[in-house]
J.: 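Can you keep this structure in mind? I'll have questions shortly.
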Amino acid sequence: MAQPWKKKTCYWMKAMLLALWFSGIHVLADAAAAVSKEQNQLRFSKEGQFKILQVADMHFGDGKSTPCLNVLPNQMRGCSDLNTSAFIHRMIQAEKPHLIVFTGDNIFGFDAKDAVASLNAAFAPALSSNIPWAAVLGNHDQESTLSREGVMKYIVGMKHSLSQLNPPGVNIIDGFGNYNLEVSGVEGSSLHNKSVLNLYFLDSGDYSTVPSIFGYGWIKPSQQFWFQRTSKKLRRAYMSNPEGQKSAAPGLAYFHIPLPESASFDSSNFTGVKQEGISSASVNSGFFTTMVEAGDVKAAFTGHDHVNDFCGELLGIHLCYAGGFGYHAYGKAGWARRARVVLATLEEREKGGWGEVKSIKTWKRLDDKHLTVIDAQVLWSKTSAGSRRKKKIGGI
């Protein structure tokens with residue numbers, strides 16, 4: 001997102017992710033990338049972990065000639081998009097993620113003379129790392145020389161990208177970049193053929209095209225229907241033999257524009273900071289309720305509001321901002337650019353081997369001298385979830 005005066009109206013799109021599940025995507029797995037070479041699928045590492053780096057709002061322009069915004073006077077000289085690229089490189093080296101997720105406004109279209117060149121430069125650190133990555137669109141990605149559909153199509157075809165344009169078998173769906181990725185259990189474990197962690201990616205749109213509704217876009221009924229069907233399908237597969245489990249695998253959702261429910265929190269019930277208003281759609285499309293009903297999503301991650309970086313829990317789901325990452329995006333002088341990391345860990349079984357997801361944790365790193373870690377917290381744990389269920393049943 002950009003400051004309210006910088007946000008311009010764009011387009012609504014229909015159609016979605018045409019995807020032959022990872023077909024044609026060749027991931028050169030290194031020590032950091034937990035990807036099965038045989039099946040081209042995401043997989044927990046042999047240490048029983050899966051780590052995701054979220055990069056929100058790069059706002060990449062034309063590279064070295066694009067200046068930084070809202071930095072201290074002593075940082076201005078020579079500050080450009082290249083500072084954003086350097087930050088990504090540092091984060092990859094420090095965290096060694098298994099997946100990188102870009103949550104929209106990857107390029108700032110008005111300052112990108114050539115969308116393809118800007119996309120190539122923006123994602124270059126991910127490409128050179130040989131780590132798989134995925135992306136969704138924000139409200140500025142299509143404002144250069146490619147349409148919204150064109151931007152997503154280009155991202156889908158990039159090296160190591162696991163992004164998809166349309167979900168297979170879905171004829172009508174709003175937006176571009178609605179898809180899901182499955183993360184399988186450790187190779188050789190009893191759950192190596194099960195998706196033990198499910199990742200949902202949705203296009204939250206750009207701006208309303210309904211004359212009577214002002215402001216930003218929202219996740220539409222067609223997308224929510226796809227999400228519901230996908231969640232049910234994954235639940236059935238996880239709970240079916242062989243190795244059928246007792247409950248659904250946990251899920252995480254990624255999209256750009258925050259939900260209206262993010263305004264439910266204050267400093268007494270979130271971790272992080274809130275330094276600007278919640279720039280959600282002016283209508284509530286009900287997607288938060290849809291996630292609650294589905295029961296598998298434990299956290300949803302957004303960007304858009306650059307100087308918010310908080311995480312708050314509502315009805316069992318954490319709603320989390322990443323905080324602004326890009327140096328050409330508006331920010332706050334003296335308030336470091338930042339990134340969010342999520343770590344899912346499997347439970348070790350008594351007789352050896354790895355089981356289901358035991359916990360999901362998160363923290364942020366600042367782009368300072370030491371890449372300082374802040375605001376570490378547990379988003380979900382299998383033990384606490386079980387305790388809450390037992391307590392509720394016992395109280396009946």
Side-chain angles (χ1 to χ4, degrees), residues 1-19 24-25 55-69 79-85 87-88 100-128 133-166 173-179 201-209 216-217 254-257 303-304 306 324-330:
M1 160 191 153
Q3 292 176 8
W5 54 269
K6 290 188 87 171
K7 296 176 178 173
K8 313 282 189 213
T9 305
C10 304
Y11 328 88
W12 265 116
M13 305 294 195
K14 286 201 171 182
M16 259 202 135
L17 290 98
L18 222 174
I25 297 174
V55 175
D57 297 275
M58 289 191 291
H59 277 232
F60 208 93
D62 285 332
K64 189 176 181 179
S65 63
T66 303
C68 296
L69 299 180
C79 192
S80 71
D81 280 335
L82 301 188
N83 290 62
T84 301
S85 300
F87 186 21
I88 300 177
I100 305 169
V101 175
F102 297 90
T103 49
D105 283 359
N106 307 297
I107 62 173
F108 187 65
F110 292 118
D111 291 334
K113 296 185 183 71
D114 182 332
V116 168
S118 292
L119 289 167
N120 287 340
F123 295 123
L127 272 62
S128 65
W133 58 278
V136 294
L137 300 181
N139 51 294
H140 288 304
D141 291 290
Q142 75 291 328
E143 293 166 343
S144 179
T145 55
L146 288 176
S147 67
R148 197 167 179 81
E149 180 181 11
V151 170
M152 198 64 210
K153 279 183 175 179
Y154 190 77
I155 289 172
V156 168
M158 295 181 78
K159 183 181 177 183
H160 304 322
S161 171
L162 302 186
S163 310
Q164 299 175 22
L165 180 63
N166 273 5
I173 191 166
D174 289 273
F176 299 94
N178 305 282
Y179 57 102
F201 302 85
L202 296 106
D203 181 3
S204 53
D206 45 27
Y207 300 88
S208 171
T209 56
Y216 294 109
Y254 289 91
F255 44 92
H256 181 69
I257 297 174
H304 195 55
H306 305 176
F325 191 100
Y327 278 85
H328 186 53
Y330 78 83

J.: If you look at every heavy atom in Ala121 and Ser85, which pair is closest and at what distance?
T.: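 Heavy atoms only, the tightest pair is O-OG, 4.2 Å.
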
J.: Restricting to non-hydrogen atoms, name the atom on Ala135 and the atom on Phe123 that form the minimum distance, rounded to 0.1 Å.
T.: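 That would be CB-CZ, 4.4 Å.
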
J.: Do any N or O atoms from the side chain of Ser118 and from the backbone of Ala115 form a donor-acceptor pair under 3.5 angstrom?
T.: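 Between the backbone of Ala115 and the side chain of Ser118 there is no qualifying donor-acceptor contact (under 3.5 Å).
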
J.: Hey, are the side chains of Asp141 and Asp105 touching, using non-hydrogen atoms and a 4.5 Å cut-off?
T.: yes

J.: Find out whether Met158 and Trp133 are in side-chain contact, i.e. whether some heavy atom of one side chain is under 4.5 Å from a heavy atom of the other.
T.: yes

J.: Within the side chain of Ser161, is there an N or O that forms a donor-acceptor pair under 3.5 Å with the backbone of Gly157?
T.: no

J.: Could you pull out the closest heavy-atom pair between Asn106 and Ile155, with the gap in Å?
T.: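 Asn106 and Ile155 have their closest heavy atoms at ND2-CD1, 4.5 Å.
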
J.: Answer whether the closest heavy-atom distance between the side chains of His140 and Ile107 falls below 4.5 Å.
T.: no

J.: If you take all heavy atoms of Phe325 and Thr84, which pair is closest and at what distance?
T.: CE2-O, 3.6 Å

J.: Decide yes or no for Tyr154 and Val116: does some side-chain heavy atom of the first lie under 4.5 Å from some side-chain heavy atom of the second?
T.: yes

J.: Are any non-hydrogen side-chain atoms of Val156 and Phe176 less than 4.5 angstrom apart?
T.: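 Of all side-chain heavy-atom pairs linking Phe176 with Val156, none is under 4.5 Å.
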
J.: Is a donor from one side chain sitting under 3.5 angstrom from an acceptor on the other, for His328 and Asn83?
T.: no

J.: How close do Val151 and Leu146 get, heavy atom to heavy atom, and via which atoms?
T.: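 Of all heavy-atom pairs spanning Val151 and Leu146, the closest is CG2-CB, 3.7 Å.
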
J.: Donor-acceptor pair, distance only, cut-off 3.5 Å: does the side chain of Arg148 make one with the backbone of Asn139?
T.: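 Between the backbone of Asn139 and the side chain of Arg148 there is no qualifying donor-acceptor contact (under 3.5 Å).
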
J.: In Å and rounded to the nearest 0.5 Å, what is the CZ to CG distance from Phe60 to Asn120?
T.: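 Phe60 atom CZ to Asn120 atom CG measures 10.0 Å (nearest 0.5 Å).
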
J.: Compare all side-chain heavy atoms of Phe87 with those of Leu82 and state whether any distance is below 4.5 angstrom.
T.: no

J.: Test side-chain hydrogen bond (donor to acceptor under 3.5 Å, both in side chains) on His306 and Asp57 and set out the steps.
T.: CA-CA 7 Å; His306 305 176; Asp57 297 275; 3.1 Å; yes

J.: Ignoring hydrogens, what is the shortest heavy-atom contact between Ser204 and His256? Give both atom names and the distance.
T.: OG-N, 3.4 Å

J.: Determine the interplanar angle of the Tyr179 and Phe201 rings, folded into 0 to 90°, and report it as parallel if under 30°, tilted if 30 to 60°, perpendicular if over 60°.
T.: parallel

J.: Nearest 0.5 Å please: distance from the CG atom of Leu119 over to the CG atom of Asp114.
T.: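 Result: 9.0 Å between the selected atoms.
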
J.: Side chain of Asp62, backbone of Ser65: donor and acceptor closer than 3.5 Å?
T.: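 Such a contact is absent between Asp62 side chain and Ser65 backbone.
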
J.: What is the distance from atom CG of Asp203 to atom CG of Leu137, rounded to the nearest 0.5 Å?
T.: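 Those atoms lie 5.5 Å apart.
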
J.: Would you give the length of the straight line joining atom NE2 of His59 to atom OG1 of Thr66, rounded to the nearest 0.5 angstrom?
T.: 12.5 Å

J.: Okay, side chain of Asp81, backbone of Lys64: is any donor-acceptor separation there less than 3.5 Å?
T.: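 The answer is no, because no donor-acceptor pair under 3.5 Å joins these two groups.
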
J.: Quick check: do Met152 and Ser163 have side-chain heavy atoms less than 4.5 Å from each other?
T.: yes

J.: Ser80 and Tyr327: side-chain contact (heavy atoms from CB on, under 4.5 Å), yes or no, with the steps?
T.: CA-CA 7 Å; Ser80 71; Tyr327 278 85; over 6 Å; no

J.: Which is it for Ile100 and Val55 under the side-chain contact (heavy atoms from CB on, under 4.5 Å) test, yes or no, and what are the steps along the way?
T.: CA-CA 7 Å; Ile100 305 169; Val55 175; 4.2 Å; yes

